[in-house]
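Scroll down for the structure; my scribbles are underneath it.
Here the structure is a predicted model, which means the values were calculated and not measured.
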Amino acid sequence: MKGPGFIAISALLFCSFAVLANGQQAPAPLTTPESTIMRTDGDEDRSRRERAYVKVFEGQKQIWKSQRLQTQAGKANAMRLAKAAFQSAIQIDPAFAEPYTALAELAVTIPPVDIDEGIKLATQAVKIDPQNFGGHRILARLYTVKSRINSGTPDTGFADLALTEWRQVTRLDPRNAEGWAFISAIAEVRRPVSEQIDALRAWVSAAPPLDTQFYSRVMGGDAELSSEQASLKLAAALAKTGKKVEAASFLSSLIADDARNDEAIVMLGDLIDSTEGESALASLSALKQAVFANPQNVSLIGMLASLQSRLGQFDEAVAMLEEKTALLGKSNIRAAAVLSIALGELYLDRDRYDDAAKAFENAIEVRGALWKGELEGEEHEFAVNVFEKLIQTYRLAEKPPAAKAVIERARKAFGKDDIFADRQLISVLEMSGERPAALALVRTLREKRPGESNLVRIEASILTDLGKVDLAVETIKTNRTTAQRVSGGSAPSGNIIIPAPSGDEYSDLLFISSLYTRAGRWKQAIESANSAFTIANGIERRQIAKMTLATALQMSGDHSAAEAALRDVLKQMPANPIALNNLGYFLAERGERLDEAVEMIKQALAVDPKNPSYLDSLGWAYFKLGKLDEAEKYLRMAARADAYSATIREHLGDVFLEKKDSVRARESWGKALRFSSDSGDIERLKKKIGK
């Protein structure tokens with residue numbers, strides 16, 4: 001393959017000793033050790049090899065000379081002479097591998113670039129001398145480029161060829177980071193995960209590389225060959241195979257070495273959230289070591305407290321957070337406020353609303369020392385977060401007046417032009433059953449803020465809850481041409497998620513379908529979803545429309561059609577987490593093929609481990625299987641992630657009842673009742689509580 005289009009890559013990536021086209025110096029060559037050179041008997045053969053060596057050195061000299069030349073003509077002439085010298089070396093001694101390697105390098109670094117010629121020459125080099133490191137590395141790199149390994153649709157044939165050559169590179173240089181990195185990348189898509197893990201372990205202990213440009217170009221501009229990057233990838237692979245303790249150990253070590261390693265901190269947090277039993281205890285030990293090494297890292301401290309609470313060490317977690325908050329209160333106000341929020345979240349998880357509110361108020365008091373004038377940037381973001389949590393606490397405690405009082409404080413803090421307070425007030429009014437007042441407020445805001453187009457959908461949702469779905473649909477349609485839509489709408493069950501892209505008739509039709517589903521108008525819901533599918537442009541949009549249609553079909557009772565629609569989506573995109581979750585949930589609801597349902601939902605969770613709807617689906621599937629402890633575990637995780645889902649709370653109540661714990665069952669159903677708007681759901685929950 002010839003052509004200048006390849007120069008942008010090759011000029012930076014393939015030359016191991018040549019001068020780059022723009023004059024940049026590349027690393028010196030790795031010549032084959034003398035002990036590995038093919039020898040022949042007789043003075044004539046020895047003399048021929050020596051004369052060939054002279055020509056190779058002559059070619060190298062021309063390459064080095066070109067570095068000092070200023071004109072492109074001079075550089076090109078030097079490279080031409082270098083090529084001629086290497087060709088002469090081959091004529092003198094055809095059984096000498098080094099000049100073939102040198103010519104292969106030149107074939108892919110100077111125009112006209114010819115990858116196939118480079119492969120041909122490098123193949124000849126390693127055929128003559130299987131120990132020729134440079135030849136194997138050139139082949140590995142060229143096959144890697146041809147494999148398109150990072151494109152999402154790699155060429156498997158070239159990927160396998162590249163894997164073979166990278167294995168030769170690491171055979172000759174066992175601590176070659178680049179080789180192990182590419183072996184792990186190719187193994188991730190072509191080989192068992194055990195081979196990927198073995199390569200990653202070797203990469204972690206490899207020597208720091210000097211030449212990193214090729215790897216960065218192929219794998220992405222931010223890709224690195226560092227041992228830290230290898231450790232992150234290794235931790236992810238270990239976690240994927242269930243080796244969470246070892247994964248946590250790697251991540252904790254990275255954080256201990258660099259307290260600002262945000263990627264490792266986030267990964268450790270995700271890992272800990274999904275860890276239970278002995279693995280959780282081992283992770284606790286690793287996390288304690290990380291906190292000990294970084295005593296002011298609030299992210300790690302918060303993780304440790306959360307894990308302690310989950311493992312039954314609630315009092316220890318509270319004591320640690322209180323101690324750390326007090327220690328940091330004078331020296332680091334921001335850190336102290338963050339820890340106070342973490343304390344409030346612990347109390348909130350235990351339904352200790354008064355204690356939670358006290359902790360959130362303390363965060364406001366501590367951080368408030370920095371608030372002067374209009375809040376902006378980081379301070380505004382923090383204030384929104386803590387006010388929202390405080391309002392949430394009072395909503396859960398069923399104290400609407402207290403929640404409204406906090407909203408008015410937020411209004412004063414943010415100013416009259418900030419819509420945060422009004423949004424929160426709408427939500428509080430809805431949750432407390434004051435939907436007419438919420439509707440009036442939304443309509444007032446729409447008049448004051450015509451640019452806040454998402455208020456249209458909020459109004460439509462409230463109208464639907466008030467039993468006026470036709471008016472809700474009309475509201476959406478009449479505003480289609482004047483407002484830019486935002487995402488919204490889902491099926492009434494919290495674990496059936498369909499994202500609605502925004503901005504056009506297609507998204508409005510999806511949202512209208514969700515409104516009809518919410519109102520139990522299955523025929524219109526199906527018609528709207530089909531209309532969205534008809535006008536959808538692109539595979540992704542058609543899939544979203546088909547998943548919306550599947551939800552409407554399932555709720556209408558046409559289970560076979562719903563399943564067929566979702567399986568059609570999965571044929572096109574087998575790893576689509578929404579389709580996997582929804583089909584798994586549908587099967588669980590019907591009590592059919594429950595093992596398959598569990599596996600599907602687990603695949604969805606592998607993509608999005610903290611998604612409350614997926615967690616709820618898995619808990620519900622385990623409930624249907626009679627695995628009550630597993631069901632409770634995942635439903636509790638779901639409730640922590642989404643405190644206001646009526647579906648999750650009702651499912652959790654059903655688990656408690658099955659466990660003969662009627663007190664907690666009633667408590668969960670009571671919360672579900674407070675969060676419900678559908679008349680059918682309300683009636684069902686009242687009957688459960690009454691029994």
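Taking each heavy atom of A162 and I186 in turn, the nearest pair found is CB-CD1, 3.9 Å. The minimum heavy-atom distance between I578 and N576, with the atom names listed, is N-OD1, 3.1 Å. In plain terms, the two heavy atoms of A104 and A122 that are nearest each other are CB-N, 3.7 Å. Shown here for V56 and P99, the closest heavy-atom pair between the two residues is CG2-CD, 4.0 Å. Shortest non-hydrogen contact noted between L142 and V108 is CD2-CG1, 3.7 Å.
In summary, the side chains of N581 and S613 do not present any donor paired with an acceptor at a separation below 3.5 Å, with no hydrogens or angles considered. Q62 and N77 share no donor-acceptor pair across their side chains, judged by distance under 3.5 Å alone.
Although no hydrogens or angles enter the test, the distance criterion places no donor-acceptor pair under 3.5 Å between the side chain of S216 and the main chain of Q213. Panel note: side chain D155, backbone S147; no donor-acceptor pair is recorded below 3.5 Å. Judged by distance alone, the side chain of Y506 and the main-chain N or O of R541 form a donor-acceptor pair under 3.5 Å.
Pairs of residues two or more places apart, or lying in two chains, that qualify as salt bridge (charged side-chain N to carboxylate O under 4.0 Å, His left out) and include a residue from residues 57-66 are K55-E58. Applying the ring-ring contact (aromatic ring centres under 6.0 Å, His included) rule to pairs touching residues 152-194 yields W166-F182, F182-F214, F182-Y215, sequence neighbours excluded. For residues 172-181, the pairs satisfying salt bridge (charged side-chain N to carboxylate O under 4.0 Å, His left out) are R141-E178, with sequence neighbours left out.
Here D608 contributes atom CG and L580 contributes atom CG; the two are 12.5 Å apart, rounded to the nearest 0.5 Å. The distance from atom CZ of R49 to atom CG of D93, rounded to the nearest 0.5 Å, is 4.0 Å. Rounded to the nearest 0.5 Å, atoms CG (L583) and CD (Q603) are 10.5 Å apart.
A search for side-chain hydrogen bond (donor to acceptor under 3.5 Å, both in side chains) contacts involving N332 returns nothing, not counting sequence neighbours. When the side-chain hydrogen bond (donor to acceptor under 3.5 Å, both in side chains) test is applied to R68, no partner is found at least two apart in sequence or on another chain. Residues satisfying the side-chain contact (heavy atoms from CB on, under 4.5 Å) criterion with T123, sequence neighbours excluded, are I119, L139, Y143. With sequence neighbours left out, the side-chain hydrogen bond (donor to acceptor under 3.5 Å, both in side chains) criterion links Q124 to no other residue. Every residue two or more places apart in sequence or in another chain that forms a side-chain hydrogen bond (donor to acceptor under 3.5 Å, both in side chains) with E379 is listed here: R334, R367, W371. Applying the side-chain contact (heavy atoms from CB on, under 4.5 Å) test to P574 and every residue at least two apart in sequence or in another chain returns nothing.
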Return all side-chain donor-acceptor pairs below 3.5 angstrom for residues 81-92, not counting sequence neighbours, or 'none' if the list is empty.
| residue | atom | partner | partner atom | Å |
| --- | --- | --- | --- | --- |
| S88 | OG | A84 | O | 3.0 |

Solution key, residues 225-240 side-chain donor-acceptor pairs under 3.5 Å, sequence neighbours excluded:
| residue | atom | partner | partner atom | Å |
| --- | --- | --- | --- | --- |
| S226 | OG | E224 | OE1 | 3.3 |
| S226 | OG | Q229 | N | 3.2 |
| S231 | OG | S227 | O | 3.0 |

Below 3.5 Å, can you tabulate the donor-acceptor pairs from side chains in residues 193-200 to any protein atom, sequence neighbours excluded?
| residue | atom | partner | partner atom | Å |
| --- | --- | --- | --- | --- |
| E195 | OE1 | R167 | NH2 | 3.1 |
| E195 | OE1 | R191 | NE | 3.1 |
| E195 | OE2 | R191 | NE | 3.3 |
| E195 | OE2 | R191 | NH2 | 3.0 |

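Using a cutoff of 4.0 Å between basic side-chain nitrogens and carboxylate oxygens, R48 and D45 are scored as salt-bridged. Using a cutoff of 4.0 Å between basic side-chain nitrogens and carboxylate oxygens, D568 and R542 are not scored as salt-bridged.
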